[in-house]
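Structure first, then comments.
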Amino acid sequence: MSSVSVKAGAIVDALGGELFGDADRVITRLAPLESAEPSELSYLVNPRLAHLLAHTRAGCVVVAPAQAEEAKLRGDCIVAPDPHLYFARLTQLWKKVHGRTPVSGVHPSAVVEEGAWIHPSASVGALCFVGRGARIGADTVLKERVTFAEDCVIGERCLVQSGAVIGGDGFGFAHHEGAWIKIEQLGAVRIGDDVEIGANTCIDRGALDDTVIEDGVKLDNLIQIGHNTHIGKHTAMAGCVGVAGSARIGAHCTVGGAGMILGHLTIADNVHISSASIVTRSVLKPGHYTGFFPLDENSAWEKNAATLKNIHSLRERLKRLEALFPKDR
Amino acid sequence: MSSVSVKAGAIVDALGGELFGDADRVITRLAPLESAEPSELSYLVNPRLAHLLAHTRAGCVVVAPAQAEEAKLRGDCIVAPDPHLYFARLTQLWKKVHGRTPVSGVHPSAVVEEGAWIHPSASVGALCFVGRGARIGADTVLKERVTFAEDCVIGERCLVQSGAVIGGDGFGFAHHEGAWIKIEQLGAVRIGDDVEIGANTCIDRGALDDTVIEDGVKLDNLIQIGHNTHIGKHTAMAGCVGVAGSARIGAHCTVGGAGMILGHLTIADNVHISSASIVTRSVLKPGHYTGFFPLDENSAWEKNAATLKNIHSLRERLKRLEALFPKDR
Amino acid sequence: MSSVSVKAGAIVDALGGELFGDADRVITRLAPLESAEPSELSYLVNPRLAHLLAHTRAGCVVVAPAQAEEAKLRGDCIVAPDPHLYFARLTQLWKKVHGRTPVSGVHPSAVVEEGAWIHPSASVGALCFVGRGARIGADTVLKERVTFAEDCVIGERCLVQSGAVIGGDGFGFAHHEGAWIKIEQLGAVRIGDDVEIGANTCIDRGALDDTVIEDGVKLDNLIQIGHNTHIGKHTAMAGCVGVAGSARIGAHCTVGGAGMILGHLTIADNVHISSASIVTRSVLKPGHYTGFFPLDENSAWEKNAATLKNIHSLRERLKRLEALFPKDR
């Protein structure tokens, strides 16, 4: 990023926190502790990594109160109650100061159909398509090459990454004499405020009712959201996740990368699904759920996989032996 | 969708079925049984959900002959031998009546190379790319931002959703002194009639011969079809499926979401692969095949996964005990 | 592809190898052994398929020295030390001779922001977006509809397939009072020379430092590369692979289709991950690693999956029996 610099004092003026050190220190870049240079600012979130403080060359470090003394020993620091949050806000400030926030308005190369409504403060990037009847709220940003199809609605302060397709047809067919007859998808997609949607992610329009993404949901790249899915507030999904149609997912859930949720299931609030795990039944109890085959050297896996295919008979054989030696005899 | 209304009588005039009730009843929307309003039309497919009939507020309901009496007790109904099929046709009628069918012709923002041939009744959406030598059949629709690369061919009445890439290079390299040497992909993609291809799905061009998608195949979003794959008629694949190169998949198969089919395999007709299952060998017998790790609470999974890595030795230990107590002694 | 023809003699003049047969033989197409016609040229890589030589109708066949005598018995052949490599070079020659290599320059429909630098020999396809500060090296090709975001850099002779998104935001948030606060992604993506990136594949920009893809890496379609990942030279990944953030992957690795690599892991050089396998810990020893549930008929899978969920207790039960019959009593 460009060469505008920011003084340490200006940072605490904008974001709060207590600065110990030189308010006139010029910060040229934000950087990880390990690679930060003397003109750069870094941060420490995990107390278990506090030992890195002694070695970092960073000119200034954001730390929690518990690490304040240790940080001061090495040089300048900003003390803030939640350094991770502070750093998030700092990256936002940084982007603004360096003029990298998206420009309001519709890029001339974008195609916007008649009857779409776009808030004047929203940004529609190059080569986007916005269909008729679509509505895009204040301060929402569609990056380049986004499809936002007819009648879909998105709230305020959302961010849609490049290549995402919002409002493609859901996958619905009636079976008739061996062929598939298209069920036209007459619903749309309704997205709340503060939602982020990743690159090349797809959210299908509903069959009759709408697909709904509530406020604060964060979807990573290459995610597939089937028609009529409902995703509750502040749920986050990592890359390559798939959600089949009509799933109802609660609030404050997380799904790890390549997790799969089958259709017509209900997932309670505060459910956490591990990466590469497949959800085949409703999960009504908050908690952490997992299901994938552990990685092993291929030769070991081959032996175990072969045995696995007979594990049921193994159990039967074990039962027979147990019957010979009952526990309480 | 818009506010044009349709009378119940006009529906049976267009689609058949027997109407019991008011032919002048105005239908303003199609809706699920649970949420339908008195001005809306719904349908019942699954006889096990017949109990919903008593509670729906729908103005009219499409039912099978077996549910006709029950439906009449509650109000207006249309009786049709296959309500799912009837409803599919009704969604198509609905879209047409409301003027939401795609317009023929090439959108001015699309890029069509010289030497491409597009049937006058076909529709090429905004910001599409169609390469030289490509051929697009009658009534086929490319939605917005589709890539349809050079020399690829698609038949009639197909629908390609936004962001799909038809005819990207297959993944082919020769290994030479630790590096990968590109094998140029000289084949193309040949797609039959009545095929649907989902948003951001990729179908690679063949290395020498073509990749072939036969009539009536339905592919959901974010699917990867490797080069020289052959997919038989009316096979359907759900989102996030991957098919590696040179697989030969039969007709009337289904693959659940995130299923994977490795390369150079043969899959017979009428094979059904469950979601998240990986096919590593040819499947020559019709049937239903599955292979994924069942979901569990994380702590239970951890214990079972650890044991799984030693399941082979478990079998050996069981064998030793069994040897001490032969069955027929 | 078009109808330009090439003589067998011209091929060996350009690529080397020893021709046994008619130098004036006109080659109209490259084709697999099984389907090649008398005017077509084919090749044999796998010695175990040498029996196909007797049956192919190909006009000329590229073979290794070990198959030379067998090939000569059936007709014309070109003998080359590495027929696979020879054929790769031949496909490249074929594409060039037929005028199918991309044209240098920026397509008029592409959007290139001010401050981007594109080498005059590079090719930026239709409807691409190139952000400010981006740099594209000599002879690199962006096919149609590629996003190459601001400040990202790509070297020479690279090929980016349609729909790829280079430099979307990494997935980074701070958690605050139940909501996710955006961490702006201030790094970029740095790509070396001779890299290929598949259709609709996404490579996220780094949070603070850059995401790095080294020389010769080959990525297939629909792959997700998280922010700050580092991929070593000549590593290849098949379709639908996911790599979470900050993974450090060595050189000369391969990852099979739909393999997943979690974040903050280290993978050594020469590690090979099977398809559909998930890497949840660092892999520091070269080798071949696998972890997926083997496919089975659904009914057998159901029984085994049910048992699997109690495999830990199975082990405990086995232990009890073993305690009754110690090995060395």
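Reckoned from all heavy atoms, side chains included, excluding hydrogens, waters and symmetry mates. Order of the sequence lines sets the chain letters (A, B, ...), proteins ahead of strands, with each chain counted from 1.
Close approach to chain B, defined as a heavy atom under 4.5 Å from one of its heavy atoms, is seen in A/Lys303, A/Asn304, A/Thr307, A/Leu308, A/Lys309 of residues 298-309 of chain A, taken by number. Near-neighbour residues of residues 253-272 of chain A relative to chain B, defined by a heavy atom under 4.5 Å from a heavy atom of that chain, comprise A/Met260, A/Leu262.
Taking a 6.0 Å sphere around CZ of B/Arg317, one finds it holds more than 12 heavy atoms contributed by other residues, nucleotides or ligands.
Separation of atoms CG (A/Leu208) and OG (B/Ser42) is listed at 7.5 Å; rounding is to 0.5 Å. Distance check, rounded to the nearest 0.5 Å: OG1 of A/Thr201 to CG of B/Asn200 gives 8.5 Å. B/His84 NE2 to A/Ile181 CD1: the interatomic distance, rounded to the nearest 0.5 Å, is 11.0 Å. Between the NZ atom of A/Lys182 and the CD atom of B/Gln92 there is a distance of 9.0 Å, given to the nearest 0.5 Å. In this structure, CZ on B/Phe293 lies 9.0 Å from CZ on A/Phe292, to the nearest 0.5 angstrom. Note that CZ of B/Arg29 is 5.0 Å distant from CG of A/Asp209, once rounded to the nearest 0.5 Å.
Here the shortest heavy-atom pairing between B/His252 and A/Gly178 reads CE1-O, 3.0 Å. In terms of heavy-atom proximity, B/Phe325 sits nearest to A/Arg320 at O-NH2, 3.0 Å. Annotation for B/Leu222 and A/Ile223: closest pair CD1-O, 3.4 Å, computed over non-hydrogen atoms. Nearest heavy-atom pair, B/Asp220 versus A/Asp204, reported as atom, atom and distance to 0.1 Å: OD1-OD2, 4.1 Å. Contact detail for B/Cys240 and A/Gly242: the closest heavy-atom pair is SG-CA, 4.3 Å. The minimum heavy-atom distance between B/Thr91 and A/Glu184, with the atom names listed, is OG1-N, 2.8 Å.
The side-chain heavy atoms of B/Arg315 and A/Ile311, taken from C-beta on, include no pair separated by under 4.5 Å. Side-chain contact between A/Arg132 and B/Arg100: present, with at least one pair of heavy atoms (C-beta onward) separated by less than 4.5 Å. The shortest side-chain heavy-atom distance between A/Ile225 and B/Asn221 does not fall under the 4.5 Å cut-off.
For the side chain to side chain contact (heavy atoms under 4.5 Å, CB included) test with B/Arg145, the passing option among A/Val146, A/Thr147, A/Val111 is A/Thr147; the others fail.
Of the residues considered (B/Ala276, B/Gly291, B/Gly216, B/Ser313), B/Ala276 shows the highest number of contacts with chain A, using heavy-atom pairs under 4.5 Å. Chosen from A/Phe173, A/Phe171, A/Tyr289, the residue pairing most often with chain B at heavy-atom distances under 4.5 Å is A/Phe171. Of the listed residues A/Gly168, A/Cys202, A/Gly287, the one with more heavy-atom pairs under 4.5 angstrom with chain B than any other is A/Cys202. Of the residues considered (B/Ser35, B/Ser162, B/Gly239), B/Ser162 shows the highest number of contacts with chain A, using heavy-atom pairs under 4.5 Å. In terms of non-hydrogen atom pairs under 4.5 Å with chain B, the most contact-rich of A/Gly163, A/Ser277, A/Cys128 is A/Gly163. Residue with the most contacts toward chain A among B/Leu127, B/Leu159, B/Leu314: B/Leu127 (heavy-atom pairs, distance under 4.5 Å). Ranking B/Glu196, B/Lys319, B/Arg89 against chain A, the residue ahead of the rest is B/Glu196, based on heavy-atom pairs under 4.5 Å.
The part of A/Leu321 that comes within reach of chain B is its side chain, from C-beta onward, which places non-hydrogen atoms under 4.5 angstrom from that chain. Of the atoms belonging to A/Ala164, it is backbone heavy atoms, and not side-chain ones, that fall under 4.5 Å from chain B. In this structure, chain B has heavy atoms under 4.5 Å from both the backbone and the side chain of A/Ala179. With a 4.5 Å cut-off on non-hydrogen atoms, A/Val243 does not touch chain B at all. A/His288 touches chain B through backbone and side chain together, each having a heavy atom under 4.5 Å away. Residue contact with chain B, scored on non-hydrogen atoms closer than 4.5 Å, involves the backbone of A/Leu295 exclusively.
Although no hydrogens or angles enter the test, the distance criterion places no donor-acceptor pair under 3.5 Å between the side chain of A/Trp180 and the main chain of B/Val217. The backbone N or O of A/Thr290 sits nowhere less than 3.5 Å from a side-chain atom of B/Asp296 that would complete a donor-acceptor pair.
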